[in-house]
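Below you'll find the structure, written out as structure tokens, and then a few comments.
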2 protein chains.
Amino acid sequence: MAVMARAATTSDAFNAIAEPQRRDILALLRAGERPVTDVARELGMSQPGASKHLRVLREVGLVRVRGAGKQRLYGLDARGLRPVHEWVGGFERFWNESFDRLDTYVQDLKQTRQEE
Amino acid sequence: MAVMARAATTSDAFNAIAEPQRRDILALLRAGERPVTDVARELGMSQPGASKHLRVLREVGLVRVRGAGKQRLYGLDARGLRPVHEWVGGFERFWNESFDRLDTYVQDLKQTRQEE
DNA sequence: TTGACGCATTCCGATATGGGAATATGATGG
DNA sequence: CCATCATATTCCCATATCGGAATGCGTCAA
């Protein structure tokens with residue numbers, strides 16, 4: 001069994017959106033379907049670059065292709081982002097608490113020091 | 001300037017949570033602070049493994065440490081997850097639409113074929 | 001001071017990644 | 001069938017990543 005260096009980028013949505021350019025692509029596709037060339041041009045990347053990122057996004061199911069003659073139109077399929085949203089949402093009540101909890105730590109520490 | 005192969009794992013929360021084990025750690029820490037050894041044991045990973053992942057989480061600010069004598073207690077700091085939640089949330093209306101839009105595609109295709 | 005314990009770091013190997021450049025594939029119009 | 005345009009793939013490089021094993025380091029108790 002080979003040693004796995006890291007979960008493949010193509011394995012899930014979490015990995016797919018870890019790459020900034022892919023996030024940009026997804027954001028762009030909210031405005032509607034786009035052929036590869038447009039994606040590349042609008043985001044300032046090379047054609048092979050766009051093509052590769054779109055491949056990853058397609059493999060994790062965040063994007064769909066449909067042939068339109070000579071072109072291939074890529075469209076958003078955001079369903080795969082829902083689990084991500086839910087997972088992160090599981091921390092919602094913590095990012096409000098955090099400040100207070102940290103303040104408490106700090107106060108405890110200060111007090112402890114003064115008492116010594 | 002060196003060629004960057006991939007955004008460093010330590011660069012942001014998106015990358016940090018791309019790794020399943022780190023997600024597990026964050027989830028575990030919702031239950032409260034833990035020393036490294038506990039994290040490792042409860043999640044079935046090696047001590048150095050846990051230590052390394054915690055380092056990454058600390059570097060992106062998702063986790064805080066505080067020394068408690070011989071131990072170092074790691075605690076959740078979920079504030080960094082908020083931007084992630086918001087970014088993904090920007091697609092919320094799309095993952096409800098998606099089904100319909102895709103169905104439309106399919107129907108269009110079928111109809112086109114029948115007409116030919 | 002010296003163990004012993006808890007944790008961090010370093011070194012290593014196998015592998016994955018993103019980008020650039022070049023090239024292959026595919027569909028279309030003529 | 002051919003030329004062309006749109007896209008995909010391949011190759012190569014520099015680098016990053018994760019895991020395991022070994023080792024370093026800091027703190028505490030006796």
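So that the names make sense, note that chain A is the first sequence line, chain B the second, and so on, each numbered from 1.
Hydrophobic clustering, with ILVMFWY side chains joined whenever heavy atoms are under 4.5 angstrom apart, keeps L73(A) apart from V65(A).
When distances are taken from the side chain of Q71(B) to each of dG19(D), dA6(D), dG6(C), the shortest belongs to dG6(C).
Shown here are the side chain to side chain contact (heavy atoms under 4.5 Å, CB included) partners of E42(A), two or more places apart in sequence or in another chain: L28(A), R34(A), D38(A). Under the side chain to side chain donor-acceptor pair (under 3.5 Å) criterion, R58(B) pairs with no residue at all, not counting sequence neighbours. Remark: D24(B) engages L43(B) in a side chain to side chain contact (heavy atoms under 4.5 Å, CB included) (not counting sequence neighbours). Taking R72(B) as the reference, nothing meets the salt bridge (Lys or Arg N to Asp or Glu O under 4.0 Å) condition, with sequence neighbours excluded. Residues passing the side chain to side chain contact (heavy atoms under 4.5 Å, CB included) test with A13(B), sequence neighbours excluded: L62(B), V84(B). Under the ring-ring contact (aromatic ring centres under 6.0 Å, His included) criterion, F14(A) pairs with W87(A), not counting sequence neighbours.
For the pair R34(A) CZ and dA6(D) P, the computed distance is 16 Å after rounding to whole Å. In this entry the distance linking CD1 of I25(B) with C1' of dG19(D) reads 14 Å, nearest Å. In this structure, E33(B) atom CD and dG6(C) atom C1' are separated by 16 Å, rounded to whole Å. In this structure, E59(B) places its CD atom 12 Å from C1' of dT9(C), rounding to the nearest Å. In this structure, CG of N15(B) is placed 12 Å from P of dA16(D), rounded to the nearest angstrom. Regarding D24(A), its CG atom lies at a distance of 16 Å from the C1' atom of dG19(C), rounded to whole Å. Between the P atom of dG19(C) and the CE atom of M45(A) lies a distance of 8 Å, rounded to the nearest Å.
The salt bridge (Lys or Arg N to Asp or Glu O under 4.0 Å) test with D77(B) is passed by exactly one of R82(B), R66(B), R64(B): R64(B).
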Interface polar pairs with nucleotides 24-30 of chain D, N/O, under 3.5 angstrom:
none

For nucleotides 8-12 of chain D, list the nitrogen or oxygen atoms of the protein found under 3.5 Å from its nitrogen or oxygen atoms, one pair per line.
{"residue": "dA8(D)", "atom": "OP1", "partner": "R72(A)", "partner atom": "NE", "Å": "2.9"}
{"residue": "dA8(D)", "atom": "OP1", "partner": "Y74(A)", "partner atom": "OH", "Å": "2.3"}
{"residue": "dA8(D)", "atom": "OP2", "partner": "S51(A)", "partner atom": "OG", "Å": "2.4"}
{"residue": "dA8(D)", "atom": "O5'", "partner": "S51(A)", "partner atom": "OG", "Å": "3.4"}
{"residue": "dA8(D)", "atom": "N7", "partner": "Q47(A)", "partner atom": "NE2", "Å": "2.7"}
{"residue": "dA8(D)", "atom": "N6", "partner": "Q47(A)", "partner atom": "OE1", "Å": "3.3"}
{"residue": "dT9(D)", "atom": "OP2", "partner": "R55(A)", "partner atom": "NE", "Å": "3.3"}
{"residue": "dT10(D)", "atom": "O4", "partner": "K52(A)", "partner atom": "NZ", "Å": "3.4"}

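Among residues at least two apart or in separate chains, side-chain hydrogen bond (donor to acceptor under 3.5 Å, both in side chains) pairs with a member in residues 43-54 of chain A are R22(A)-H53(A).
H53(A) has no side-chain polar atom (N or O) that falls below the 4.0 Å cut-off from OP1 or OP2 of dT17(C).
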